[in-house]
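Residue numbers start from 1 in every chain, and the chains themselves are labelled A, B, ... in the order their sequence lines are given, proteins ahead of strands.
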2 protein chains.
Amino acid sequence: MAPNPTKSKSNSAIAVEELRKLIFSGELPAGSDHLESELATRLGMSRTPVREAALTLEGQGLLEVRARKGVRILPISVRDMEEIYDVLTELESMAAADAAGQGYSVKDLKTMEKTIEDMETALAAEDRDAWAEADDRFHTELVRLGGNSRVMAIVARMADQVRRAKSVTLHMRPLPLQSNKDHRDVVDAIRAGDAARAREIHATHRAGAKDVLINLLKQNRLHML
Amino acid sequence: MAPNPTKSKSNSAIAVEELRKLIFSGELPAGSDHLESELATRLGMSRTPVREAALTLEGQGLLEVRARKGVRILPISVRDMEEIYDVLTELESMAAADAAGQGYSVKDLKTMEKTIEDMETALAAEDRDAWAEADDRFHTELVRLGGNSRVMAIVARMADQVRRAKSVTLHMRPLPLQSNKDHRDVVDAIRAGDAARAREIHATHRAGAKDVLINLLKQNRLHML
DNA sequence: GTATTCACTAATGTATGCATTGTCAATATT
DNA sequence: AATATTGACAATGCATACATTAGTGAATAC
């Protein structure tokens with residue numbers, strides 16, 4: 001059956017989507033406070049579904065519900081970024097090792113190869129946004145191949161939290177020339193079924209990315225994002 | 001200031017606590033469905049705070065809100081247990097390595113030593129419940145010493161999901177004679193500041209615990225918990 | 001001039017009733 | 001007999017009104 005266009009999503013679900021958009025677009029900046037009634041008016045619904053959406057997003061670590069002060073869009077400190085990158089490093093490296101152990105065929109790795117090609121194309125064109133988008137797809141596909149749904153969920157949520165900061169840092173940092181090679185090497189290790197090497201390469205890759213980012217933030221006195 | 005006894009928690013917060021208790025005690029068994037109105041009556045409040053609590057607990061992975069079918073207490077499959085144990089292994093091992101890198105003093109490790117003593121006492125008395133409780137404290141303290149608040153949060157939630165299954169498996173399994181030695185070795189490595197060894201020992205320890213558990217579940221045909 | 005109290009206010013927390021909608025079973029149709 | 005249709009129902013989704021409470025600032029006591 002084709003998707004039914006008349007089937008309407010609940011306002012609560014709409015509120016979750018819309019609030020996420022507003023947060024990622026920066027219209028609700030990190031650190032800002034917003035009353036439930038204000039958001040309800042903005043979204044054209046009553047407070048009830050907005051409250052429910054706020055609870056959901058609180059569980060996702062994007063905001064904080066504070067009695068009588070409205071919801072606060074959570075700011076991200078340098079320390080937060082370090083924590084998040086460390087978790088991502090650990091779980092993605094695990095996923096890389098797991099992926100290598102699954103005996104994937106060349107065909108299974110096609111999606112991943114495509115993300116690397118896209119990254120190389122973007123890099124040649126010095127299109128940082130396109131590069132970041134393809135890089136995201138690479139990491140998402142990597143954890144998918146790892147086959148642990150909880151790792152996928154956790155990584156997706158951490159990546160959400162980092163996404164806002166990325167728009168700030170992406171254009172400050174040097175072109176990620178090393179990344180593409182690292183990615184290729186990880187895929188090679190997975191294809192070869194070498195779990196230890198896949199893990200090692202990816203962990204090193206991630207640690208390098210973290211260093212670049214953290215130093216960039218500290219040098220530019222960006223304590224909060 | 002002493003905690004104010006007159007300050008009353010919101011019904012929504014109470015509902016979260018009570019529902020967690022009901023879930024962990026088994027009064028709301030895994031896989032069972034419950035209408036919002038039923039739970040509201042049971043907790044002596046209206047549907048509103050119960051709905052909000054349900055959303056919070058859904059974010060914690062303990063239940064699932066399904067329109068018109070009530071909330072379902074999530075069952076845990078063998079596959080789920082494998083996923084959870086793998087994540088715990090990875091993040092706790094990372095915490096062990098991080099802890100070893102922090103240069104903790106003997107005094108800083110006192111809390112952890114205490115949990116090991118308690119485990120040994122419990123083991124000598126063959127008191128499995130006391131042993132499990134002390135073991136929980138050991139793992140909690142380990143990730144605390146790791147110093148990554150996100151790891152703490154994730155591990156706590158995964159441990160929650162495992163807790164229900166533990167009551168089933170705890171009394172089936174052989175006395176964990178190896179565990180206490182592993183724990184001592186991890187503390188030794190942390191005290192010595194040997195991050196690689198702390199990580200390695202803990203990872204091996206966790207992998208062993210996982211094998212014992214998964215085999216136990218499979219042998220007893222416990223596909224769902 | 002400063003500190004304390006207290007009432008007011010604004011925002012959340014909660015209950016309730018109605019609207020909406022998927023489910024289920026009874027009935028009709030082939 | 002099997003399947004499709006329909007309609008009542010039951011449970012959630014949502015809006016609204018009200019209760020509660022923390023924060024604010026003015027008034028007062030020291």
One pair to check against salt bridge (charged side-chain N to carboxylate O under 4.0 Å, His left out): B/Arg163 and B/Asp160. What are the steps and the verdict? CA-CA 5 Å; B/Arg163 187 165 305 136; B/Asp160 272 351; 3.0 Å; yes
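Taking five base pairs at each end of the helix from C/dG1-D/dC30 to C/dT30-D/dA1, the local helix axes there meet at an angle of 10°, rounded to 10°.
Looking at B/Asp135, its side chain never comes within 3.5 Å of a backbone N or O of B/Trp131 through a donor-acceptor pair. Distance alone, capped at 3.5 Å, places no donor-acceptor pair between the B/Arg150 side chain and the A/Asp86 backbone. At least one donor-acceptor pair closer than 3.5 Å links the side chain of B/Gln102 to the backbone N or O of B/Gly146. Judged by distance alone, with hydrogens and angles left aside, the side-chain atoms of B/Glu83 form a donor-acceptor pair with the main-chain N or O of A/Ser149 at under 3.5 Å.
When ring centroids are compared, B/His202 and B/His183 stay outside the 6.0 Å threshold.
If you measure from atom CD1 of A/Ile14 to atom C1' of D/dC14, you get 12 Å, rounded to the nearest angstrom. For B/Glu58 and D/dT12, the CD to P distance is 13 Å, given to the nearest whole Å.
Side-chain N/O atoms of A/Ser77 and A/Asp80 include a donor and acceptor closer than 3.5 Å.
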Each nucleotide of nucleotides 10-18 of chain C classed B (base within 4.0 Å of a protein heavy atom), S (only sugar-phosphate) or -, in 5' to 3' order, makes -SBBBBBB-
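The local environment of CZ in A/Arg221 is sparse, with at most 12 non-hydrogen atoms from other residues, nucleotides or ligands closer than 6.0 Å.
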